[in-house]
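Residue numbering restarts at 1 for every chain, and letters A, B, ... go by the order of the sequence lines. All of these numbers come straight from a predicted model, not from anything done at the bench.
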Amino acid sequence: MMPLTPMHTDSPEPLLRIRGLKTHFFTADGVVKAVDGVDLDVQQSRTTCILGESGCGKSIMARSILRIVDAPGRIVDGSIIYRAADGRTVDLAAMSPTSKAIREIRGSDISMIFQEPMSSLGPIQKIGKQISETILLHRKMSKAEAKEAAIEMLDRVGIPNPAKRYESYPFELSGGMRQRAMIAMALSCQPRMLIADEPTTALDVTTQAQILDLIADLKEEFDMSVMLITHDLGVVAEVAEDVAVMYMGKVVERGDVYSVFENPKHPYTQALLESVPRIGGVRKARLPAIKGMVPHPLARPSGCSFRTRCERYMPGICDKTEPVLTQEGSSEVACFLYSSELANVR
Amino acid sequence: MTQSSTIPLAEDLAEHSPVVLGPWSLVWRKFLRHRLAVISGVIIILIYLIAAFAEFVAPIDIGKTSVRHTFAPPQMIHLFAPGDDGSTVFLPHVKGLKTTIDTEARRRSFEVDESKIIPLGFFVHGFEYKLFGIIESDVHLFGPKNPRDPFYLFGADRLGRDILSRIIVGTRISMSIGLVGVAMSLVIGVLLGGISGYFGGWTDSLIQRFIEFIRSVPTIPLWMGLAAAIPLDWPPLRTYFVVTLIVSMIGWTSLAREVRGKFLSLRNEDFIVAARLDGLSHGEVILKHMVPSFSSHIIASLTLAVPLMILAETSLSFLGIGLQPPIVSWGTLLKEAQNIRSIAQAPWLLIAPGTVIVIAVLTFNFLGDGLRDAADPNAH
Amino acid sequence: MFGFLARRILYMIPTLFLVSIVTFAIIQLPPGDYLDTLAADMGEAGSDNNAAIEALRLQYGLGEPMYVQYGKWMSGILLHGNFGLSFEKNRPVTDLIWDRLGWTFLISLLTLAFIWLTALPIGIYSAVKKYSAGDYIATFFGFIGLAIPNFLLALVMMYVAFRYFGQSVGGLVSPQYLDAPWTWAKFGNLLEHIWMPIFVIGTSGAAALIRIMRANLLDELYRPYVVTARAKGMSEFQLLLRYPVRVALNPFISTIGWILPTLVSGEIIVSVVMNLPTTGPMLLRALLVQDMYLAGSLILIVSVLTVVGTLISDLLLAWIDPRIRYQ
């Protein structure tokens with residue numbers, strides 16, 4: 001593995017440092033390598049966006065952090081170093097997924113919200129109960145205090161009439177309100193990091209913006225890190241500070257949002273960015289699309305996994321070995337186009 | 001049905017391209033993985049073959065009584081016998097039975113007669129029968145080489161009739177009641193369930209109330225009431241059909257509910273709406289789009305309904321208000337074992353038909369379960 | 001909640017009406033009318049009771065149109081609690097049936113409790129430890145339980161008890177207690193006997209419910225809200241009971257709607273085999289000798305009580321699942 005230079009000199013120790021993470025699914029048809037060697041840092045108090053198409057492993061990567069990957073998936077290799085508030089570091093990847101240690105981190109240090117706010121809330125339990133239950137799990141409080149805290153949290157996420165909504169059931173709320181309730185639940189213990197797994201995908205556009213704003217506001221207020229998983233470039237542009245682009249279980253490019261968006265280096269990132277219309281951009285007849293489809297997870301191409309769709313595929317190089325993330329200017333990229341040994345070829 | 005569309009990617013680069021299977025082949029593949037269900041399926045086919053060729057399989061005439069063998073116990077099959085020169089030779093046989101009459105208890109007791117060897121064989125000549133009412137024969141799958149020898153593998157009943165042969169012949173009635181009953185349930189269930197789910201509204205409420213009514217009433221007393229009204233002097237065939245009809249009354253409600261549920265959830269699916277917007281008639285939408293999408297479920301539910309019917313027939317006949325002797329079914333056979341005294345004297349009256357019923361019901365349940373799992377797209 | 005209650009009770013009325021119609025039809029099914037039989041019997045006995053028979057004929061409206069007969073029969077039941085006469089015993093039906101009905105429902109309800117207490121934990125275990133040895137064992141016994149008809153299991157257990165424990169079986173109490181007044185000793189004796197019918201009747205239901213609970217829970221175990229609960233830091237056991245089991249309980253509870261009728265059915269058939277002092281043997285005997293008012297009344301009351309039991313289960317369900325209440 002290549003030594004990595006820290007991205008931000010002002011914060012040398014990231015909150016979360018993922019190295020060589022591999023989460024594989026052992027299915028009857030074969031091993032699906034959903035996450036296959038992810039390197040990623042999440043800095044203190046910054047928003048990191050994980051960008052990628054459906055099925056690229058970004059959700060599984062996020063779930064691996066909290067160790068909530070369902071069987072038959074499991075982490076087979078790599079480390080997830082989390083730096084706790086007191087400065088100690090723990091390797092989440094080495095913990096047992098049912099251990100008390102990881103349970104104390106879940107919901108308290110690192111929280112997560114999900115894509116489908118309807119199905120992600122317990123269907124026949126009151127919203128308020130689900131929030132105060134989280135508080136009671138991690139904080140020493142009486143039930144009444146927890147209820148008060150929960151109502152306050154509901155208020156904070158912009159749910160009108162929170163005391164009344166405390167008694168509501170999920171099916172009585174709109175999608176946006178449910179996602180707000182989810183956020184209230186996730187933030188009820190003031191976590192240091194929030195993982196948001198496509199939190200706006202199931203919502204309509206105006207609600208999307210509101211929820212993103214809310215997350216940004218709360219991030220400032222609670223001074224927490226946010227890992228936002230999305231396939232929506234617009235969302236990335238709006239809220240991201242750092243970006244990691246994933247393709248077939250790997251991070252192929254990462255850096256701060258300006259570097260990546262202004263000067264995308266990986267052909268995949270370039271193609272992604274080109275496929276989005278830009279206001280004020282040059283009018284083209286047709287938006288370019290990335291050719292082909294993501295390969296079947298059981299039929300991974302050899303070498304660079306993007307080569308089957310790459311415009312700049314170099315036979316004899318890309319299909320031989322896998323490129324690794326290397327520093328290239330202000331960002332890091334995993335592509336042979338930038339490998340110094342291959343500079344001549346380029 | 002298999003659509004062999006490969007994943008579109010540059011062919012020369014793809015190491016291997018998994019074939020996308022059609023829905024039926026997927027179901028079939030998942031089913032084959034269910035080993036217990038596959039084995040059960042094979043056993044069920046065997047049982048129905050036995051039912052079809054019952055006279056050929058049964059070694060002894062089911063009507064043949066023998067005063068000397070009332071309540072004769074089951075005989076053991078021995079594979080080897082001492083030969084003439086003292087060596088052991090392969091000779092499948094059963095031992096004869098010695099009878100002593102206990103005058104005090106007024107019953108016979110049996111002892112194995114070690115000296116008497118009754119050789120067995122395949123395709124032996126026995127009683128004459130007409131297979132399917134056409135083919136005359138006296139060849140039997142297996143039996144004693146001399147048809148006059150006593151041969152009671154599963155024991156004999158109070159008239160000295162062979163239980164094994166009676167079970168084999170009873171298979172025909174008991175297993176066919178399951179099939180015919182399920183066929184009736186299918187028609188009623190799919191029709192009413194389909195109407196209910198497809199049209200909704202008051203039609204739905206009406207049919208649902210009716211189903212609720214049937215389900216909320218304890219069925220046994222109702223069937224008992226209905227079955228008891230069958231006159232004893234009716235011809236066997238008519239009794240058979242009425243009992244089947246009564247028995248099928250249980251199966252259709254769950255089927256109708258299932259079909260309705262599927263219709264309700266499918267009705268708002270995009271592909272159904274699209275089909276309707278394309279101008280297809282109700283009938284076309286139902287037959288071409290909806291039914292194919294849940295026919296595998298129906299097959300699974302039907303399979304699970306068969307054992308219910310078999311049990312229902314057995315229960316009614318056991319109580320003496322379903323099929324009546326001389327009709328031979330598993331239920332009427334069990335009727336012989338109705339009180340503890342006869343069971344204590346001849347446990348095989350209970351054990352033999354009981355085991356067969358349990359096997360039939362179990363295999364159908366396993367098969368149905370396997371089919372249902374295979375048909376469920378959400379199953380892991 | 002109140003609207004829901006009112007609606008459910010309203011729904012019950014057509015069901016009860018249908019029950020009465022079907023029962024009436026069953027009473028009418030055997031050819032001839034019973035007074036003919038009765039008259040024949042009395043004639044044989046040599047007594048001259050023409051006046052009494054005429055009075056009965058008037059009371060039941062025999063010979064009049066069906067709907068008049070139905071009306072007279074129903075109004076007798078509803079207005080006077082008069083279920084008619086058992087022709088075999090020549091006594092009012094009401095004198096004969098109530099303690100038998102009581103036993104039937106006592107045994108059915110105890111069986112229900114038995115089923116729930118066994119099926120719930122085993123079903124949960126089976127789902128959580130899917131494909132474990134315990135799951136396979138539970139599944140295996142579940143299938144066996146489903147495959148053995150009630151009466152067959154009853155016979156087998158009676159045979160085993162008789163053959164290997166030398167215990168005389170059948171009935172709810174030993175013969176010496178049959179006509180004895182209730183004492184603790186008799187109660188203890190009852191407990192010694194009553195578990196067997198409960199076990200026999202309950203096995204198939206428990207087997208079915210284990211499968212239902214397992215399937216329901218498996219459906220819920222991988223839902224996003226379980227992941228949410230896990231991501232909150234709840235322990236597996238805690239979240240299991242609080243989320244998926246709570247949700248899976250609903251279809252489980254709603255099974256009471258059909259399980260009660262099947263229990264009553266099972267009780268009736270098992271009681272015939274085990275010779276219990278419940279409705280079963282009485283109903284069978286009444287049907288066989290065509291004592292139709294007795295048979296009809298039994299069918300009617302058993303059905304009505306079952307429908308009411310189902311209603312109670314529905315209310316219970318609405319109390320547990322808010323989604324139903326608010327519909």
Side-chain angles (χ1 to χ4, degrees), chain B residues 36 205-206 208-210 212-231 253-254 307-308 310-312 314-316 318-321 331 334 337-341 343-344 347 350-351 353-355 357-366 369 372 378-380, chain C residues 11-12 14-15 18-19 22-23 25-27 29-31 143-144 146-152 155-156 158-159 162-163 168-170 211 218-219 222 257-258 260-269 272-273 279-280 283-284 286-288 290 292 295-296 298-299 302-303 306-307 309-311:
Chain B
L36 201 53
S205 314
L206 200 71
Q208 285 314 301
R209 287 293 85 70
F210 186 55
E212 259 169 44
F213 158 69
I214 292 190
R215 290 176 73 103
S216 60
V217 171
T219 38
I220 289 258
L222 272 188
W223 307 334
M224 281 168 76
L226 291 171
I230 301 175
T253 54
S254 58
L308 290 182
I310 295 176
L311 288 182
T314 323
S315 307
L316 284 181
F318 171 76
L319 289 177
I321 46 180
L334 274 173
Q338 210 168 27
N339 58 64
I340 192 80
R341 200 158 313 190
I343 302 173
L350 172 67
I351 295 166
T355 312
I357 291 171
V358 170
I359 289 175
V361 175
L362 261 187
T363 47
F364 264 108
N365 271 320
F366 284 140
D369 246 39
R372 193 171 47 186
N378 301 318
H380 302 285
Chain C
Y11 276 159
M12 231 173 74
T15 307
L18 268 176
V19 169
V22 171
T23 314
I26 289 175
I27 293 179
L29 270 179
F143 273 120
I144 296 281
L146 279 181
I148 302 185
N150 279 333
F151 69 89
L152 192 60
L155 286 172
V156 169
M158 283 168 70
Y159 174 67
F162 176 81
R163 180 83 171 68
S168 86
V169 274
R211 313 251 346 122
L218 279 179
D219 271 356
Y222 302 98
W258 57 260
L260 199 60
T262 56
L263 288 185
V264 173
S265 288
E267 199 284 322
I268 283 172
I269 199 162
V272 171
V273 179
T279 32
L283 175 61
L284 184 62
L287 285 171
L288 289 178
Q290 304 204 331
M292 291 321 283
L298 285 171
I299 293 174
V302 162
S303 306
T306 310
V307 171
T310 309
L311 173 82

(message) So which atom in C:I269 and which in B:S315 form the shortest heavy-atom distance, rounded to 0.1 Å?
(response) CD1-CB, 3.3 Å

(request) Could you have a look at C:T15, C:L18, C:L283 and say which one has the most heavy-atom pairs with chain B under 4.5 angstrom? (result) C:L18

(message) Using heavy-atom distances under 4.5 Å, tell me whether C:L298 contacts chain B through its side chain, its backbone, both, or neither.
(response) neither

(message) Quick check: do B:F318 and C:V272 have side-chain heavy atoms less than 4.5 Å from each other?
(response) no

(message) Among C:L155, C:V22, C:V264, C:V302, which residue has the highest count of heavy-atom pairs closer than 4.5 Å to chain B?
(response) C:L155

(request) Please report the closest heavy-atom contact between C:A147 and B:V361, naming both atoms and the distance. (result) CA-CG1, 3.4 Å

(request) Kindly indicate whether the side chain of B:T314, heavy atoms from C-beta on, has any atom under 4.5 Å from the side chain of C:F151. (result) yes

(request) Check whether any side-chain heavy atom of C:L152 lies under 4.5 Å from a side-chain heavy atom of B:L350, and answer yes or no. (result) yes

(message) Using 0.5 Å steps for rounding, measure from the CG atom of B:L362 to the CD1 atom of C:I144.
(response) 5.0 Å

(message) With a 4.5 angstrom heavy-atom cut-off, is it the side chain or the backbone of C:I268 that approaches chain B, or both, or neither?
(response) side chain

(request) Sort B:L334 into side chain, backbone, both or neither according to what part of it lies under 4.5 angstrom from a heavy atom of chain C. (result) side chain

